[in-house]
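Structure record follows, encoded as structure tokens.
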Amino acid sequence: MLDPKLLRESPDLVRAAIAKKHLDADVDAVLAIDTTWRAQVTEVEHLRATQKSANTAMAALPKGSPEFIAKVQEMKAVSAAVKAKEVELKETELHWHAALLTLPNLPHATVPAGKTPEENQVIGGHGTPVEAKPHAVAHWEIPGFEHLFDFGRGAKVTGAGFPFMIGEGARLVRALLNFFLNENAKAGYVEVSPPIFVNAASATATGQLPDKEGQMYETLDKLYAVPTAEVPLTNFYRDEILDESTLPIYRCAYTPCFRREAGSYGKDVRGLNRVHQFDKVELLKWVHPSTSYEELDKLRLDAESLLQKLELPYRVLLMCGGDMGFAQAKKYDLEVWAAGQQRWLEVSSCSNFEAFQARRAQIRFRSQASGKPELVHTLNGSGLAIPRVLAAILENNLQADGRVKVPAVLVPHFGQEYLSFG
RNA sequence: GGAGAGGUGGCAGAGUGGUCUAAUGCGCACGCUUGGAAAGCGUGUGUAGGGAAACCUACCGAGGGUUCGAAUCCCUCCCUCUCCGCCA
């Protein structure tokens with residue numbers, strides 16, 4: 001959510017942001033509702049002030065006196081007016097709030113113009129995308145794959161996209177999780193194991209609600225299975241005022257993530273490329289506004305270092321205005337090369353939300369300078385998502401003899417040097 | 001799951017229909033005092049919205065209701081605690 005004051009004072013900034021993100025939002029309509037809302041607030045507050053002063057006067061009068069009774073009669077009209085106007089105001093307020101939620105975050109000045117994924121800028125990376133060797137195949141075609149990742153039985157027991165991970169498959173996942181969490185701890189992120197269901201208020205604060213409820217699994221108790229640990233992590237400090245000296249705060253969390261992925265189809269969803277339940281380690285930062293871009297670069301480098309240590313070729317994309325998302329001010333994607341499919345797979349997305357989420361979630365800090373609460377900036381990024389990293393390891397490290405070489409840094413966690421698919 | 005008791009400012013805690021603009025205490029900040037400190041004394045100390053400002057308005061777990069008027073009465077929900085039951 002944007003600052004209503006920014007909208008009032010600089011509507012052109014907001015228009016420019018919408019244009020850069022190639023989104024459709026009616027700034028004038030929001031401004032019109034804002035004007036109506038402010039007029040109604042003033043009206044209701046005047047009526048309430050009348051009521052209050054009458055109340056004070058009545059307190060001093062004897063209860064049954066003619067003056068008192070006259071005053072009661074007089075105030076009945078005001079009371080009715082307050083009620084009527086308050087209903088109107090509440091109605092307007094709902095529309096006003098909903099209207100504000102249609103306005104996207106402003107993209108940072110360094111975000112490149114562009115509309116499509118092709119216009120994202122490749123700004124870095126590591127390693128070289130290897131050409132397909134004769135024996136290279138997509139990971140789901142590796143002989144024995146189904147012994148480690150059983151999609152068939154997962155479909156029987158739960159549904160499509162809920163694979164069982166078995167034996168070496170399960171252990172490799174666990175090795176990756178341990179590796180990621182340990183590395184992140186070394187980089188200063190405190191590990192958190194959060195609830196994996198959240199309530200509607202939390203899902204709203206991070207932007208899953210309203211509008212995107214179709215992408216989450218919902219329980220009878222109106223709880224949502226988390227689509228990412230970002231949701232419970234960010235909400236940890238919802239409605240709190242932090243001490244400035246505690247910033248920046250770094251946290252990381254492993255959770256399973258649940259996504260309905262309604263509407264996905266085709267090659268994108270084969271094998272481990274896209275599943276409904278997957279494991280991910282998420283990095284999260286709450287920082288002072290003056291440092292958030294510095295912190296974004298550091299966050300991205302932390303995620304990159306994981307891929308480097310796994311010796312996986314990857315590239316870094318700076319997302320263009322049209323492909324960066326509604327809430328982000330700046331976003332990088334890390335894409336890992338999968339030699340069997342000969343394509344890039346997104347394994348991390350590192351974003352600065354500036355105060356956009358913090359305003360919704362009301363996460364603030366008390367500024368030493370002003371003595372007043374100010375909104376923090378929030379940032380998050382995957383560090384990292386397991387299935388696609390797994391896919392890349394399987395495809396890139398597949399040997400001619402059908403075994404898969406385990407990255408050296410995982411061997412201590414995994415306990416053997418090769419996957420044998422046995 | 002059953003029964004009961006609760007939820008008030010940073011914390012403790014009073015307030016059961018009307019200047020509540022929420023007592024009092026603690027904490028915190030500043031000042032006086034002091035060689036310095038403690039004690040003592042004094043002053044101040046929440047968040048949000050509207051307004052150029054003066055100032056006004058809202059907020060006593062959340063949401064509704066009754067009333068001229070609600071922290072206070074009624075309803076629904078959430079959470080905490082105690083006891084019982086069940087259980088990894």
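All heavy atoms count here, side chains included; hydrogens, waters and symmetry mates do not. Just so it is clear: chains get the letters A, B, ... in the order the sequence lines come, proteins before strands, and each one is counted from 1.
- Scored by the side-chain contact (heavy atoms from CB on, under 4.5 Å) test, A:Gln215 finds A:Lys212 as partners (sequence neighbours excluded).
- Heavy-atom distances to RNA chain B give each of A:Ala60 and A:Thr50 a nearest nucleotide, and the one nearer the 5′ end belongs to A:Ala60.
- The ring pair (Phe, Tyr, Trp, His ring centres under 6.0 Å) search around A:Tyr332 returns none, not counting sequence neighbours.
- Taking a pair to require two hydrogen-bonding distances under 3.5 Å in either a Watson-Crick or a G-U wobble arrangement, B:rC41 pairs with B:rG31.
- Taking atom C1' on both B:rU57 and B:rU21, the two are 12 Å apart, rounded to the nearest angstrom.
- One N or O on the side chain of A:Ser53 and one on the backbone of A:Thr50 form a donor-acceptor pair closer than 3.5 Å.
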Letter per nucleotide, 5' to 3', of nucleotides 45-53 of chain B [B base touched, S only sugar-phosphate touched, - untouched; heavy atoms, 4.0 Å]
--SSBSS--
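- The gap from the P atom of B:rA39 to that of B:rG27 amounts to 8 Å, rounded to the nearest Å.
- Aromatic rings from A:Phe145 and A:His139 are positioned such that their centres are separated by under 6.0 Å.
- Spacing between B:rG10 and B:rA62 at atom P, rounded to whole Å, works out to 14 Å.
- Pairing of B:rG63, defined by two Watson-Crick or G-U wobble distances under 3.5 Å, is identified with B:rC75.
- Judged by Watson-Crick or G-U wobble contacts below 3.5 Å, the nucleotide B:rC55 has B:rG50 as its partner.
- If you take atom C1' in B:rA54 and the same atom in B:rC59, they sit 23 Å apart, rounded to whole Å.
- Checked against ring pair (Phe, Tyr, Trp, His ring centres under 6.0 Å), A:Phe258 has no partners two or more places apart in sequence or in another chain.
- Checked by atom type and distance alone, the side chain of A:Thr255 never pairs as donor or acceptor with a backbone atom of A:Cys257 at under 3.5 Å.
- Taking a pair to require two hydrogen-bonding distances under 3.5 Å in either a Watson-Crick or a G-U wobble arrangement, B:rG69 remains unpaired.
- Using C1' as the reference atom, B:rU16 and B:rA88 are 45 Å apart when rounded to the nearest Å.
- For A:His46, the NE2 atom counts as loosely surrounded, since its 6.0 Å shell holds 12 or fewer non-hydrogen atoms of other residues, nucleotides or ligands.
- Protein atom CG of A:Leu47 is 13 Å distant from nucleotide atom C1' of B:rC56, rounded to whole Å.
- Here B:rG17 sits opposite no nucleotide as a Watson-Crick or G-U wobble pair (both hydrogen-bonding atom distances under 3.5 Å).
- In this structure B:rC26 sits in a base pair with B:rG10, meeting the Watson-Crick or G-U test at under 3.5 Å.
- The partner of B:rG36, taking Watson-Crick or G-U wobble pairs whose two distances both stay under 3.5 Å, does not exist in any strand shown.
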For A:His108 and A:Tyr293: C-alpha separation, side-chain torsions, deciding distance, then whether ring-ring contact (aromatic ring centres under 6.0 Å, His included) applies.
CA-CA 10 Å; A:His108 191 251; A:Tyr293 281 94; 3.9 Å; yes
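- If you take CD of A:Glu93 and C1' of B:rA58, they are 10 Å apart, rounded to a whole angstrom.
- Spacing of P atoms, B:rC79 relative to B:rC26, comes out at 36 Å, to the nearest Å.
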I need a per-nucleotide contact map over nucleotides 60-71 of chain B, read 5' to 3'. Cutoff is protein heavy atoms under 4.0 Å; write B for the base, S for backbone only, - otherwise.
----S--BBS--
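- A:Phe365 places its CZ atom 19 Å from the P atom of B:rG10, with the value rounded to the nearest Å.
- Contacts of A:Tyr237 classified as ring pair (Phe, Tyr, Trp, His ring centres under 6.0 Å), with partners at least two apart in sequence or in another chain: A:Trp286.
- For the C1' atoms, the distance linking B:rU19 with B:rA29 amounts to 30 Å, nearest Å.
- Spacing between B:rG49 and B:rG17 at atom P, rounded to whole Å, works out to 35 Å.
- The nucleotide B:rU82 finds its pairing partner in B:rA3, both defining distances of the Watson-Crick or G-U wobble pair being shorter than 3.5 Å.
- Side chain of A:Thr92 to backbone of A:Glu88: a donor-acceptor contact under 3.5 angstrom is found.
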